[in-house]
Amino acid sequence: MSAGRILSERPVYLVAAVTAAAVFVLLCVFFVLPLVAAFSPLFSGRLSVTEVLALIFSSKVRNAALYTVRQAAVSTVIAFAVGIPAAFFISCREFPLRKIISSLSPIPLCLPPLLMALGFVLFFGMQGSANRILTSVFNLSEPPLTFLYSFTGLVLAHGFYNFPLIMRSVADVWSQLPQQEADAARLLGAGRLRVFCTVTFVQLLPAALSASMLVFLYCFFSFIIVLLFGTIGGSTLEVQIYQAARTSIDFESAAALSFAETVLAFCFIAAYGILSLKTERSRGVSFSGAGIKRRRLCGAGEYAGACVLFIIIFIFFIAPLASIVCNAFVSRQGYLQDASAFAGMIPRLSFDSFKTVLGRQGFYAAAKNTLITGICSSLLATTGGAVYAFAVQRRFTALPVRCVPMLPMAVSSVIMGFGFTILVRRGTPAILICAQAALYWPFALRQISPAVARIPQNVIDASRLLSCSHLDTVFRIYVPMTARSLISAFCFCFALSCGDASLPLILAIPRFDTLALYTYRLAGAYRLAQACVCGLLLGICTAIIFAVGDHINTFNTGKDCEND
């Protein structure tokens, strides 16, 4: 390429680089300002130091924090108890239901938690499918399942919604485990259980703990599920912040709750960072073997275990999600009422709910807002993640480099919304877009940084020798070689934005709904069939976008591995 052409392209590179850097600075500002504003009622001068400490360590904050940690811990135990056996069966065994269970792994990432909460209400609610079936079959006068609006219902919804995260992470590691150590233990006389406990489980432990900590954080920050269930006997920090800021207009209490949640979250995020770093190091050292070859199920124990596991997953995971699809097509007349034993169990199929929803202008406005918000916030988040990934290049294992992207992960959307409420009193679509981007760019970074790390060092060195400036290397090497990961990051952030109902709800933008918020409002108004229609359309949209991004990223990773 001629020198004149290189010089002519330099201003373009410079403008693009300055714009990208300005976007990253904007995201940092939109993260720091609302966070400071959320804590500002504690340090405004109206309260003394003693009063601030008393508010932070009050029984209200302490009880909410304990309840939040307890429900997140129990939810993680449930996800772990289901995810580890599921990981074993899909990574080590070949059986007819393996592909079905394996296909569930992306659901927590691509489907909003609002849909799982709606599915649990439709299936396990007092008038849900499970109670309707049990009441008809056993001729009961009262619904037998009453656990939904309680601590038990909350942790079951959280645990089963997130178990695929543990299943996928552990299964990926399990399928690559070298067999030398396990074979040596068997030669020395160890049984299958002892080999698993002393060899296999030790190799899997870093990945299992890292995935479990991620599930714990998701449950810790859960908002919509808790808000919909309205559990008796306790409430999480997220819901308490929302109620204090929006219902009670008690900004001091909301600030104290926000401060306590952020401090706890920073501790858990630090633990997650350490565990994920150990997981990456263990993969680099231990996974040089040929991996595990899947075998058929052997013995009555494995057959029984696989059947029990699939039944549990079907009842608490597949059936609630299927209830959304079924209820979207239920007629306004409800269920068939005949003289058979299945009276009240078979729905009247109809497209009435689709006609009602698609005939409303509010739905199209919400869909338009969702599309615009998703595209804009995803572009900003992907740009921010790319700027950081290209700036730090291969220094991702350094502790300071890893800490910066973890900061937004320790702040919830509820706290961000509360901070913006103090700053501007009433939100706008622009604030929503920037706030989502400020929270999502670390997720974009997680998609982009592995692609940057896979760029051969000799290519980078050659580019630096032949290029006139560092920007030439960025735009001629980094951008083209990470293009697929950039698209994947955009798709992932777009799915997150589409499924976010928390920030739009807290910002309370006038005459502004997204599909997720529109679905939440319909569910809150007990228009469940219409909520199912919106939820189904929203789920299809996010699933397609996520699948495209995941396919692009998987294809890119596989291609790089072949080249290596």
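Side-chain atoms are counted along with the backbone in the values below, which use heavy atoms only and exclude waters and symmetry mates.
Side-chain atoms of Q447 and S488 form a donor-acceptor pair, as typed in the model, at a separation below 3.5 Å. No side-chain donor from either of E238 and S222 sits under 3.5 Å from a side-chain acceptor of the other.
Aromatic pair Y67/F151: centroids less than 6.0 angstrom apart. Between F124 and F316, the ring centre distance stays below 6.0 Å. In this structure, F329 has its ring center closer than 6.0 angstrom to the ring center of F354.
Between P112 and T542 the shortest side-chain heavy-atom distance falls below 4.5 Å. Under the 4.5 Å side-chain criterion, counting only non-hydrogen atoms from C-beta, L538 is not in contact with Y518.
Minimum heavy-atom separation, T383 to L379: OG1-O, 2.7 Å. Between P106 and S103, the shortest heavy-atom contact is CD-O, 3.2 Å.
The salt bridge (charged side-chain N to carboxylate O under 4.0 Å, His left out) test applied to R446 returns no partner, not counting sequence neighbours.
For the salt bridge (Lys or Arg N to Asp or Glu O under 4.0 Å) condition, no pair includes a residue of residues 148-166, sequence neighbours left out.
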Given F390 and Y478, is the ring pair (Phe, Tyr, Trp, His ring centres under 6.0 Å) satisfied, shown in steps?
CA-CA 7 Å; F390 297 159; Y478 283 98; 5.5 Å; yes
